[in-house]
Amino acid sequence: DESFFVATSVQYIDGHDCSDVYMNFVFENGELVAISGRWIIDPVKSKYNNSLVDGINALYELDLNQVSCVTEQKISYKLKNTDSAKYFLIPVWEISYVDKNGVRKIEYVESI
């Protein structure tokens, strides 16, 4: 509809994007009518010390028999919730690839 406009904002932490952390702003006839999404408003601080999975080893988490080619691989962050309604921001490898059928896919592999 020509009277609607949607703008999406994604959140970055330390220069890395956060998967599934975004805000959609919906405008109707130039007026903001709705906001939806998830946004981190508390300060982010490290609370763990663990070895990270490197990018090469993250690739082995894919079903390589179904992968035609990997097009991009980058570190990102993803929100993970626990049973106690707490959320954690964890580093993940975001791997973009093309499967054997020519379909572009994105897989997230936890890097801790």
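These numbers were taken from a predicted model, which means no experiment stands behind them. Atoms considered below: every heavy atom in the structure, side chains included; atoms not considered: hydrogens, waters and symmetry mates.
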Would you call Ile95 and Glu61 a side-chain contact if the rule is heavy atoms closer than 4.5 Å?
no
Cluster overlap Trp39 with Phe25, hydrophobic side-chain contacts below 4.5 Å:
yes
Do the side chains of Leu79 and Leu89 get nearer than 4.5 Å, heavy atoms only?
yes
Please answer: with hydrophobic residues joined when any side-chain heavy atoms are less than 4.5 Å apart, are Ile75 and Leu62 in the same cluster?
yes
Taking the inter-plane angle between the rings of Phe27 and Phe5 on a 0 to 90° scale, is it parallel (under 30°), tilted (30 to 60°) or perpendicular (over 60°)?
tilted
Within this structure, what is the CZ-CD distance for the pair Arg38 and Gln11, rounded to the nearest 0.5 Å?
11.0 Å
Separation between CG (Asn57) and CH2 (Trp93), nearest 0.5 Å, reads 10.5 Å
Value for OH (Tyr77) from CD1 (Ile40), rounded to nearest 0.5 Å, stands at 10.5 Å
In this structure, SG of Cys69 is separated from CZ of Arg104 (nearest 0.5 Å) by 7.5 Å
If I compare all heavy atoms of Met23 with all of Gly37, which pair ends up nearest, and what's the gap?
SD-C, 3.9 Å
Here the gap from Gln66 atom CD to Glu107 atom CD, rounded to the nearest 0.5 Å, amounts to 12.0 Å
Measure across Gly55 and Gln73 and return the closest heavy-atom pair with its distance rounded to 0.1 Å.
O-NE2, 2.6 Å
State plainly whether one hydrophobic cluster holds both Leu64 and Val109, where clusters connect Ile, Leu, Val, Met, Phe, Trp and Tyr through side-chain heavy atoms under 4.5 angstrom apart.
yes
Using atom types as modelled and distance alone, determine if a side-chain donor or acceptor of Ser3 lies under 3.5 Å from a backbone N or O of Asn29.
no
Whether the side chain of Ser96 engages the backbone of Thr71 through a donor-acceptor N/O pair (distance < 3.5 Å, no angle test) should be reported.
no
Is a side-chain donor or acceptor of Asp99 paired with a backbone partner of Asn101 at a separation under 3.5 angstrom?
yes
Straight-line distance of Asp17 CG to Lys78 NZ, nearest 0.5 Å
11.0 Å
Same apolar cluster (I L V M F W Y, side chains within < 4.5 Å links), Val103/Val98:
no
Joint cluster assignment, Val67 & Tyr60, ILVMFWY side-chain distance < 4.5 Å
yes
